[in-house]
Asker: 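Dropping the structure in here first, questions after.
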Amino acid sequence: MSISLVIADPHPMTLLGISKIFQNNPAFEIKGLAHDGDEALEAVTTCHPDVLLTELCMPKRSGLQLFQDVQHCGNGTKTVIFTSAAISEVMKAIDLGVAGLVSKDKGEEYLTLCLQKVSTGQQWLDQDLATSAVNHMVARQKQNGKITAVLTPRELSVAKMVLEGWPNKRIATKLFLSEGTVKLHLHHIYKKLDITGRMELVLYMQKNGMA
């Protein structure tokens, strides 16, 4: 029996190119094409394909949200991520337990093999992406360790409140400090992390996985 597919990608030319790969392969049957996450979910719900092949960066409904929604449908459709997204997004897909993951750098044969494996209930992760994800995670953990090592517990509390959007006055009230003391803590934080201000602190915390 052929493997039924719904293919989703926001770029029309990419979607056309992927579909042509499987239109000429008797081992596959295309049940639907989608340009955004909402269309993809509707196609999966209507057609009940064996596999949903989707990009992570999708409009209206992200690839990660789409994956979770498809799981909740309970129709047995497996999700394969075919992506050029940032490694941080790839890590989220791996953490959620996506069945298949392939970089768009890989060729037709690699993608075909992934779909075949996933359709039989196996998990297939692009080893290059998986390795990059692990290396990214290790680097982030080291950076997190650096942050917690150089900041005092009180400074770390202040930094996390800034990340959450708290103004100095509210931070002061919450921590039973004066606004002047909060400003002093922020001065020390900026100096220790070699940054220049509040916005840069937020970006620094987000970049290093503290969000």
Side-chain angles (χ1 to χ4, degrees), residues 9-11 14 36-37 54-69 79-106 110 123-211:
D9 196 284
H11 305 291
T14 302
D36 61 53
T54 182
E55 168 64 85
L56 275 177
C57 301
M58 295 287 290
K60 296 187 178 180
R61 191 183 304 261
S62 72
L64 292 178
Q65 184 62 56
L66 180 58
F67 164 58
Q68 292 174 299
D69 291 339
T79 301
V80 170
I81 302 295
F82 186 46
T83 188
S84 56
I87 199 64
S88 58
E89 292 301 302
V90 171
M91 287 177 62
K92 292 176 184 177
I94 294 174
D95 289 341
L96 287 173
V98 68
L101 179 66
V102 181
S103 167
K104 283 186 174 177
D105 292 335
K106 293 297 191 297
Y110 196 93
Q123 187 180 43
W124 178 277
L125 299 181
D126 185 319
Q127 289 303 304
D128 291 337
L129 280 179
T131 299
S132 295
V134 170
N135 290 339
H136 180 81
M137 180 180 66
V138 171
R140 188 176 66 181
Q141 288 175 339
K142 287 181 178 178
Q143 189 62 44
N144 290 351
K146 176 184 175 182
I147 293 172
T148 56
V150 299
L151 299 184
T152 67
R154 178 66 81 191
E155 289 167 348
L156 189 58
S157 295
V158 171
K160 288 180 177 179
M161 289 180 182
V162 169
L163 177 63
E164 293 171 3
W166 291 39
N168 288 354
K169 185 175 182 179
R170 190 180 173 197
I171 294 173
T173 301
K174 179 67 175 180
L175 298 179
F176 303 102
L177 302 172
S178 68
E179 285 190 64
T181 301
V182 172
K183 291 179 181 179
L184 184 61
H185 281 313
L186 286 172
H187 173 75
H188 291 158
I189 291 168
Y190 300 155
K191 186 174 181 180
K192 289 180 178 181
L193 299 182
D194 192 26
I195 56 181
T196 59
R198 200 180 195 89
M199 182 56 68
E200 195 172 343
L201 173 59
V202 170
L203 294 174
Y204 185 97
M205 298 281 281
Q206 290 175 337
K207 179 180 178 181
N208 291 291
M210 299 299 286

Asker: Take Lys192 and Thr152 through the test side chain to side chain contact (heavy atoms under 4.5 Å, CB included) and record every step on the way to the result.
Answerer: CA-CA 10 Å; Lys192 289 180 178 181; Thr152 67; 3.9 Å; yes

Asker: Counting N and O atoms only, with roles assigned by atom type, does the side chain of Glu200 sit under 3.5 Å from a partner on the main chain of Thr196, one being a donor and the other an acceptor?
Answerer: yes

Asker: Could you measure the distance from the CZ atom of Phe82 to the OG1 atom of Thr14? Nearest 0.5 Å is fine.
Answerer: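 Separation between the atoms: 8.5 Å.
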
Asker: Got a list of side-chain donor-acceptor pairs under 3.5 Å for residues 56-66, not counting sequence neighbours?
Answerer:
residue	atom	partner	partner atom	Å
Arg61	NE	Asp38	OD1	3.0
Arg61	NH1	Asp69	OD2	2.6
Arg61	NH2	Asp38	OD1	3.0
Ser62	OG	Gln65	N	3.1
Gln65	NE2	Asp69	OD1	2.9
Gln65	NE2	Asp69	OD2	3.4

Asker: With sequence neighbours left out, write down each residue that passes side chain to side chain donor-acceptor pair (under 3.5 Å) with Arg198, or none if nothing qualifies.
Answerer: Asn168

Asker: Using side chain to side chain contact (heavy atoms under 4.5 Å, CB included), reason through Val162 and Ile189 one step at a time and then give a plain yes or no.
Answerer: CA-CA 11 Å; Val162 169; Ile189 291 168; over 6 Å; no

Asker: Working to the nearest 0.5 angstrom, can you tell me the gap between Tyr204 OH and Asp194 CG?
Answerer: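 Separation between the atoms: 8.5 Å.
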
Asker: Is Val158 close to Trp166 at the side-chain level, that is, under 4.5 Å between some pair of heavy atoms?
Answerer: no

Asker: Mind checking the CZ-CG spacing from Arg154 to Leu156? Nearest 0.5 Å is all I need.
Answerer: 11.5 Å

Asker: Rounded to the nearest 0.5 Å, what separates atom NZ in Lys191 from atom CG in Leu186?
Answerer: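 Reported to 0.5 Å precision, the distance equals 15.0 Å.
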
Asker: Report, one line per pair, each donor and acceptor closer than 3.5 Å where one atom sits in a side chain of residues 170-181; sequence neighbours left out.
Answerer:
residue	atom	partner	partner atom	Å
Thr173	OG1	Lys169	O	3.1
Ser178	OG	Thr181	N	3.1
Ser178	OG	Thr181	OG1	2.9

Asker: Taking only residues two or more places apart in sequence or in another chain, which ones pass side chain to side chain donor-acceptor pair (under 3.5 Å) with Gln68?
Answerer: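 Scan of Gln68 (side chain to side chain donor-acceptor pair (under 3.5 Å), adjacent residues dropped) gives none.
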
Asker: Begin with the C-alpha distance, continue with both residues' side-chain angles, and end with the deciding distance and a verdict on side chain to side chain contact (heavy atoms under 4.5 Å, CB included) for Glu55 and His11.
Answerer: CA-CA 10 Å; Glu55 168 64 85; His11 305 291; 5.7 Å; no

Asker: Closest heavy-atom contact between Leu101 and Val80?
Answerer: N-CG1, 4.5 Å

Asker: Side chain to side chain contact (heavy atoms under 4.5 Å, CB included), that's the test. Do Thr54 and Ile81 meet it? Break it down for me.
Answerer: CA-CA 5 Å; Thr54 182; Ile81 302 295; 3.7 Å; yes

Asker: How far apart are the closest heavy atoms of Tyr110 and Leu125, and which atoms are they?
Answerer: OH-O, 4.3 Å

